[in-house]
Engineer: 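Before I ask anything, here is the structure I am working with.
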Amino acid sequence: MKEDIQRVVSQSIENISKTLDIADLAVVVEVGIPKRKDFGDFSVNTAMVIANKIGKKPREVAELIIENLPVEKEQLFKKVEIAGAGFINFHVKEEAIVNKLREIEENGERFGTSDLGKGERVLVEFVSANPTGFLHIGHARNAVVGDAVSRILDASGYDVVKEFYINDSGRQMNLLGESVLIRYKELFEQNQDLPEDGYKGEYVKDIASQIKAEKGDSLLEDSSEQASEYCKEFAEAVLLDEIKKDLADINIFFDEWYSEKENIRGAVGESDGSKLDQIKDLLNSKGVLEQREGALWFKATEFGDAQDWVLIKSDGSPTYFLADIAYHYDKFKRGFKSIINVWGADHHGHVSRLKAALRSLGLDDSRFSVVLIQFVRLMRQGKEVAMSKRAGTYVTMRDVVDEVGSDVTRFFLLMRSSESHLDFDLDLAKKESSENPVYYIQYAHARIRSIFRKAGETGIVESKEHLELLKAPEEIELVKKLLLFPEVVEDSAQARAPHKLAYYLQEVASEFHVYYNKCRVVDDDRQMSGARLYLISCVQTVLSNGLKLLGISAPERM
RNA sequence: GCGCCCGUAGCUCAGCUGGAUAGAGCAACGGACUUCUAAUCCGUAGGCCGGGGGUUCGAAUCCCUCCGGGCGCACCA
């Protein structure tokens, strides 16, 4: 519908530019939706935008535009008028709107998809939690946003790869191995204190018990280095498995599990650090490194960052940052046109230094972007649920999903802009009532299915033969809302903002519920019923396509 | 001190690539079930869009500044 307005206005402007012999009139006609109903269905501010170029007052330009509209306007509009400072308001014929339903039906499951991305390869890296413990609610937000963004990009014609970066080497993993080994030794009465920053969670003891069950006391004979290494790998395997399980429970499946140990630090058998050496040499060849105070620094300040950063510590070991550069260099080398990272907001300081590094390597850092996820506070009875990962006392993502279910978890984490802090109200999430926005949308879908079951009993079938019968204001509003869906998906894709879609679906559900209460679908008038069934079938398509993009189920009944 | 995010109705938040009289949900109050699902709908009430300045035909939206909250600023990851 918007495209129609855009087309006829553009044509009109073309006509004007010919008649008045003004060359440079080309503008992008932006079609808006007025807030007030008496301002019509669509409006355009183009007259105000080009008034200067023509040298007339905006309202006069608006008049010109209206006069020069192509004849097609007869079929489209009831009324076109000038308002305010120079807005042009279009009142569209009901039939023209309602006929657009056919596009929804014809496209079906594909309605809302586009070729915006033109098959461009995109890498979305998200979660990437260290396999040193269970996922918490912050990871869950990251996971759900990353997944929804991926789904939306996929629907928008991008070739998306979802990747989890396994941070499986370095200090944290060693610490985990040591912690498990200490718990293991405890099982044989060899008590020893956990290190200050060791892992204190109960699951560490569980893993130790599993090792005991498998290996008996044989680890006690190994050198502590060997034993710790074994514990580390055992724990990693167990925890990674748990992470995969947790993610699968909320409908998240990755295409790639990219191991730092194997891909960055060097494959098994390869000399450790090879990739790191390569990237270091590459950076060196660009002249952006500097030996200082016994360490090797990347001169990030030369690339706009606030400070320089150490790549090789004075003890000769590489920093995480060096590995990160290598990893992202590798993402570019793998041929991705755009590279999206979903990071916790506490990592925002790393964006500029990584961009600096990419630029220093001659890469186009505008192809790299980061979606920052602000913190989640779990609320219960109006109070924040206290958590301490250090002490091992925290509510895991699994706890939350077990309590409120996957659909609710996903929706709650998606309904807010990811750059806003989020209060996750467990009490509200648990309520199966009107207060809970997830059910509001799902209920609309279930209601539609229910109507179709009813229609099946009476033998009335949907039909597009008499769409002209659909002219109740609630019907027109509903159809107009449905037609916005492709645009909303595109918006969400471009802004990497699934919450826009979540909001939209609430609006669709609302328009539907209003309609339901106002107009009876299955009734004696078979033609009317057929047309209305056709309409709500389109509503169903939009709701189910939209929910799918959010990874939320569309139930048959509730 | 420097950087990023946030500040909109009692609460939680949309709107922010500038448009007309600023929205939703919840909470409050009053109504609608013999009907295709009341997990719904209708109505009432609720606002110096944190403060101040600027940019322009027009600012919640852009710029500056101040205030308040969160998070970063390692030879940790």
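Labels below follow one simple rule: chain letters A, B, ... track the order of the sequence lines, proteins then strands, and each chain is numbered from 1. Everything numeric here is computed off the predicted structure, so don't read it as measured data.
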Engineer: From the set G19(B), A39(B), C75(B), return the single nucleotide nearest to any side-chain atom of Lys313(A).
Structural biologist: C75(B)

Engineer: For a quick test of reading the model: is some side-chain N or O of Arg447(A) closer than 4.0 Å to OP1 or OP2 of A38(B)?
Structural biologist: yes

Engineer: Yes or no on salt bridge (Lys or Arg N to Asp or Glu O under 4.0 Å) for Asp425(A) and Arg380(A), after CA distance, side-chain angles and deciding distance?
Structural biologist: CA-CA 6 Å; Asp425(A) 185 337; Arg380(A) 203 189 283 279; over 6 Å; no

Engineer: Counting only Watson-Crick or G-U wobble pairs whose two distances fall under 3.5 Å, which nucleotide matches C29(B)?
Structural biologist: G43(B)

Engineer: Rounding to an integer number of angstrom, what distance separates U12(B) and C42(B) when you compare their P atoms?
Structural biologist: 26 Å

Engineer: If you only use heavy atoms from C-beta on, which nucleotide in A39(B), C75(B), A20(B) is closest to the side chain of Ala83(A)?
Structural biologist: A20(B)

Engineer: From the options A74(B), C4(B), C76(B), select the nucleotide whose nearest atom is closest to the side chain of Trp309(A).
Structural biologist: A74(B)

Engineer: Measuring from the side chain of Thr319(A) (C-beta onward, heavy atoms only), which nucleotide among U12(B), C5(B), C76(B) has the closest atom?
Structural biologist: C76(B)

Engineer: When you compare A14(B) with G68(B), how far apart are their C1' atoms, in angstrom units rounded to a whole number?
Structural biologist: 22 Å

Engineer: Would a line drawn from the ring center of Phe42(A) to the ring center of Phe90(A) be shorter than 6.0 Å?
Structural biologist: no

Engineer: Nearest-nucleotide wise, let me know which of Phe87(A) and Ser418(A) is further upstream toward the 5' end of RNA chain B.
Structural biologist: Ser418(A)

Engineer: Using heavy-atom distances to pick each residue's nearest nucleotide on RNA chain B, tell me which of Ala446(A) and Met415(A) is more 5'.
Structural biologist: Met415(A)

Engineer: Just compare G19(B), A14(B), C71(B) and give me whichever is closest to any side-chain atom of Tyr503(A).
Structural biologist: A14(B)

Engineer: Under 4.0 Å between a side-chain nitrogen and a carboxylate oxygen: does that hold for Lys480(A) and Glu477(A)?
Structural biologist: yes

Engineer: Using a 4.0 Å heavy-atom cut-off, does Ser43(A) contact any base of the nucleic acid, only the sugar-phosphate backbone, or nothing at all?
Structural biologist: base

Engineer: Ignoring backbone atoms, test whether Tyr440(A) places a side-chain nitrogen or oxygen under 4.0 Å from the OP1 or OP2 oxygen of A24(B).
Structural biologist: no

Engineer: Which value, rounded to the nearest 0.5 Å, describes the distance between Arg532(A) atom CZ and Ser537(A) atom OG?
Structural biologist: 15.5 Å

Engineer: Could one point to a donor on the side chain of Asp38(A) or the base of A20(B) with an acceptor on the other under 3.5 Å away?
Structural biologist: no

Engineer: With a 4.0 Å cut-off on heavy atoms, is Asp523(A) in touch with a base, just the backbone sugar-phosphate, or nothing at all?
Structural biologist: nothing

Engineer: The side chain of Arg171(A) lies closest to which of these nucleotides: C41(B), A20(B), A77(B)?
Structural biologist: A77(B)

Engineer: In whole Å, measure the gap between the C1' atoms of G23(B) and A45(B) for me.
Structural biologist: 16 Å

Engineer: Classify Lys35(A) by what it touches in the nucleic acid, base, sugar-phosphate, or nothing, heavy-atom distance under 4.0 Å.
Structural biologist: sugar-phosphate

Engineer: How far does the P atom of C16(B) sit from the matching atom of G50(B), given to the nearest Å?
Structural biologist: 15 Å

Engineer: In Å and rounded to the nearest 0.5 Å, what is the OH to CD1 distance from Tyr515(A) to Ile476(A)?
Structural biologist: 10.0 Å

Engineer: Do any side-chain nitrogens or oxygens of Ser420(A) fall under 4.0 Å of OP1 or OP2 in A14(B)?
Structural biologist: yes

Engineer: When the P atoms of G15(B) and U8(B) are compared, how many Å lie between them, rounded to an integer?
Structural biologist: 14 Å

Engineer: Hey, what do you get for CG (Asp38(A)) to CD (Glu81(A)), rounding to the nearest 0.5 Å?
Structural biologist: 8.5 Å

Engineer: Identify which nucleotide among G19(B), C75(B), A77(B) has an atom closest to any side-chain atom of Ala85(A), counting heavy atoms from C-beta outward.
Structural biologist: G19(B)

Engineer: Determine: side-chain N/O of His499(A) to OP1/OP2 of G15(B), distance under 4.0 Å, yes or no.
Structural biologist: yes

Engineer: Once you apply a heavy-atom cut-off of 4.0 Å, does Ser314(A) come out as touching a base, just sugar-phosphate, or nothing?
Structural biologist: base

Engineer: Side chain of Met558(A), heavy atoms from C-beta onward: which of C13(B), G19(B), A39(B) has the nearest atom to it?
Structural biologist: A39(B)

Engineer: Take atom C1' in A20(B) and the same atom in C4(B), then report the distance between them in whole Å.
Structural biologist: 35 Å

Engineer: Which nucleotide wins on minimum distance to the side chain of Gln374(A), given the candidates C5(B), G19(B), G72(B)?
Structural biologist: C5(B)

Engineer: Is a side-chain donor-acceptor pair under 3.5 Å present for Asp523(A) with Ser529(A)?
Structural biologist: no

Engineer: Take atom C1' in C67(B) and the same atom in C29(B), then report the distance between them in whole Å.
Structural biologist: 36 Å

Engineer: Under 4.0 angstrom, heavy atoms only, what part of the nucleic acid is Asp346(A) near: base, sugar-phosphate, or nothing?
Structural biologist: sugar-phosphate

Engineer: Roughly how far apart, to the nearest Å, are G54(B) and C71(B) at atom P?
Structural biologist: 35 Å

Engineer: Counting heavy atoms from C-beta on, name the nucleotide in U40(B), C71(B), C75(B) closest to the side chain of Ala295(A).
Structural biologist: C75(B)

